[in-house]
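Accompanying notes for the structure given below.
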Amino acid sequence: MMYFGACYYPEHWTPKQAKDHIPLMKQARINVVRMGEFAWNRFEPEQGRYRFEWMDAVIQALHKEGISSVLCTPTCIPPQWAVQKHPGMLQRDAEGRVRNPGSRCHCCKNAPEYQMLADRIVDQMGRHYAGMPGVIGWQTDNEFGCHRTTRCYCDHCQSAFRDWLLEKYKDTDSINQAWGAAFWGFEFQQWNEISLPRHMPAGPNPSHWLDFARFSSDTQVKFQRAQYELLKQLCPNHFVTHNLMGGFPEIDYWKLAEYTDFPSWDNYPESGEDPFLPAYQHEITRSFRGRFWVMEQKSGPTGDANTGLMGEQPEPGDIRRWTWQAVANGADGVCYFRWRACLSGAEQYWHGILDHDGVARRRYREVAETGAELAKLGDALAGTVVQTPVAILRNYAMLWSAERQPGAPGFHYDNHCYEIYRAVKRSGHGCDFVDIASDLGKYAVVFAPCACLVDKALADRLDAFAQAGGTVVLTPQSGARTPANTMWAYPRPGAFVAMAGLTVEEVRPYHHGQTEAIAPAGGSSPVPAAAVENWVEVLTCREAQPVAQFAGGRLKGACAATRNVRGKGTVYYLGVYLPPAAMETFAAAVLPPFPVADIPPDVEITRRTGKQGSLLFVINHGRQPQTVVLPKACPELLSGGTPGPEIKLEGNQVLVFKL
Ligand code: GAL
């Protein structure tokens with residue numbers, strides 16, 4: 001079943017104002033609402049006195065009209081009494097400043113009082129709602145780490161960090177060794193000498209910093225795990241999810257998503273922005289557990305709580321297109337944020353389906369039309385999933401390492417992953433994301449962008465995948481560092497040397513916008529001529545063959561990219577960051593064929609496949625008409641016709657074909 005919903009805040013409305021909400025929801029075919037994530041003060045107005053009847057009445061009224069409820073644990077904002085009583089549970093930033101109450105996300109997940117209070121409210125809510133008709137699942141908290149609060153520098157965190165390190169390293173000698181703490185006299189004799197990487201005159205030891213990033217992420221995961229396990233025990237018939245933030249870089253979502261039945265994410269695209277950015281985050285979120293919801297889908301102008309600025313109005317057709325894009329990339333539920341714009345508070349400007357006055361206008365009508373379309377395709381969508389032969393390795397420790405030490409100015413690990421993703425998408429293929437221990441068996445091609453933290457186990461896994469017939473693509477900075485974030489004392493690309501069949505002779509970060517020309521080399525090269533910048537590596541081939549070389553200047557003739565035949569497969573090493581057009585050419589050459597060729601730049605094509613065949617989604621994200629040629633004419637499910645094989649798409653148009 002496809003869930004189609006809205007985020008609803010009954011505590012913001014008087015009964016008179018709320019009177020018309022449920023009938024309007026029903027007319028728009030909304031079948032689920034998400035509620036409660038900021039209402040701890042209403043659920044527990046005094047410590048230990050719980051009030052659920054106000055929410056029960058809403059759940060019951062919704063249920064009567066066939067609308068289910070996803071409830072949230074409200075732990076993101078403890079009531080004022082809790083903070084007054086336990087001020088020590090407020091977070092501190094790296095400079096030691098308190099993160100004060102008055103907004104949200106201000107409590108430290110390592111503070112024992114906060115953990116205890118959070119545990120109790122989750123327990124009470126779980127018990128109260130376990131058997132209530134209409135409640136189908138839970139969202140824990142809200143967007144862990146939002147407003148850059150993943151990393152807290154308070155004293156609770158300091159002692160929890162020491163415990164975390166003790167568990168990982170067992171003794172100070174091991175930590176000194178792992179961190180290379182001889183540098184700048186950073187060696188420890190006692191655990192209580194170790195502190196957090198708080199503000200200091202120069203940059204922290206990268207290994208210390210990476211462990212702190214890992215610890216901070218683990219803190220969030222632990223908090224999620226506690227809620228997940230408690231809710232699963234109390235409410236075995238409900239699902240438990242958390243609303244992630246797509247490409248948010250601070251939490252290892254691979255670990256966090258283990259403690260969900262499926263993850264969700266919150267999607268706030270801008271009209272006219274690169275349409276593959278939301279797709280990237282849909283596919284990242286889907287990859288954690290194979291399915292996902294969009295728990296907050298933008299449905300009106302945004303309103304920034306910090307700047308006080310109101311965002312742009314979605315253009316006609318945008319909300320519908322964003323919704324179908326989520327479904328096309330595998331979402332099984334889409335909930336709009338929010339049902340109606342709030343009259344008060346920091347997000348007054350953050351609009352929803354309805355404006356402040358609650359009048360159903362253009363955006364409401366578009367939501368209602370989309371709801372009717374989704375209901376129409378419900379049977380066809382049931383049981384279908386996205387399958388793809390392409391994967392991108394996206395690992396959070398590598399991201400954190402590169403965040404701290406990008407090497408060259410402007411380098412960003414996630415942007416690099418995204419550039420590769422975009423190139424793959426342009427070929428028509430979707431992408432799964434994988435982590436270092438994921439099973440690669442179902443893929444034909446695995447990209448491992450900037451795989452900088454590498455040990456033998458990861459290299460062996462990728463090598464085995466290649467030897468068995470797969471294609472692996474490595475890019476600059478690969479294999480340079482140990483998992484502890486120290487440098488390997490071996491030639492780059494370290495543990496990848498054997499599978500890539502080369503060594504790196506020289507690395508050259510470019511700071512002043514210099515470019516190098518590269519040209520194809522060898523016989524049939526997948527790498528086109530291009531101008532590259534930021535960072536280049538000069539490669540020395542062993543078993544590998546050059547596929548690109550530098551075409552001018554001091555590096556003229558030196559090798560820039562290689563192909564190595566490895567067992568039944570192939571390993572490419574790109575010693576340069578290919579610019580977008582060149583990356584598209586490269587991807588098209590190394591990926592399996594896709595049934596639709598020459599896809600226009602604004603058009604996205606995806607497939608969901610089930611027992612009864614595949615659905616092909618064709619979405620024109622642009623404003624101009626586009627043409628796509630399908631392999632043959634197929635039934636189009638939204639219009640009911642059988643157009644093609646040549647299809648004309650209007651701007652913002654979505655078509656769904658049955659293959
Ligand atoms: C999300 C958050 C919501 C709301 C929305 C609009 O990040 O989960 O609670 O704040 O943004 O700002």
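One-based numbering, in listed order, for ligands and for the atoms of each.
By the 6.0 Å contact criterion, CZ on Arg148 is open, its count of non-hydrogen atoms from other residues, nucleotides or ligands being 12 or less.
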Next on the checklist: Show, in sequence, the C-alpha distance, side-chain angles and deciding distance for His128 and Tyr50, and conclude whether the ring-ring contact (aromatic ring centres under 6.0 Å, His included) test is met.
Outcome noted: CA-CA 10 Å; His128 184 80; Tyr50 299 98; 9.9 Å; no
Next on the checklist: If you apply the rule ring-ring contact (aromatic ring centres under 6.0 Å, His included), what do you find for Tyr153 with Phe212, and how did you get there?
Outcome noted: CA-CA 10 Å; Tyr153 299 77; Phe212 175 62; 5.0 Å; yes
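A distance below 6.0 Å separates the ring centres of Trp350 and Tyr268.
Under 4.0 Å from ligand 1, the heavy atoms of Asp266 that appear belong solely to its side chain.
Of all protein heavy atoms, the one closest to atom 5 (C) of ligand 1 is Tyr268 OH, 3.4 Å. Nearest protein heavy-atom contact of atom 10 (O) of ligand 1 is Glu347 OE2, 2.5 Å.
Interface atoms of ligand 1 facing Phe38, defined by a heavy-atom separation under 4.0 Å, are 9 (O). Atoms of ligand 1 lying under 4.0 Å from at least one heavy atom of Trp350, given by number and element, are 6 (C), 12 (O). Here is the list of ligand 1 atoms found below 4.0 Å of a heavy atom in Asn142: 2 (C), 8 (O), 9 (O).
Across Met245, Glu143, Glu296, Arg104, heavy-atom proximity to atom 7 (O) of ligand 1 is greatest for Glu143.
Just one residue in the list Phe433, Phe262, Trp254 forms a ring-ring contact (aromatic ring centres under 6.0 Å, His included) with Phe288, and that residue is Trp254.
Figure legend: cation-pi geometry between Arg214 and Trp400 absent, as NZ or CZ is not positioned both under 6.0 Å from the six-membered ring centre and within 45° of its axis.
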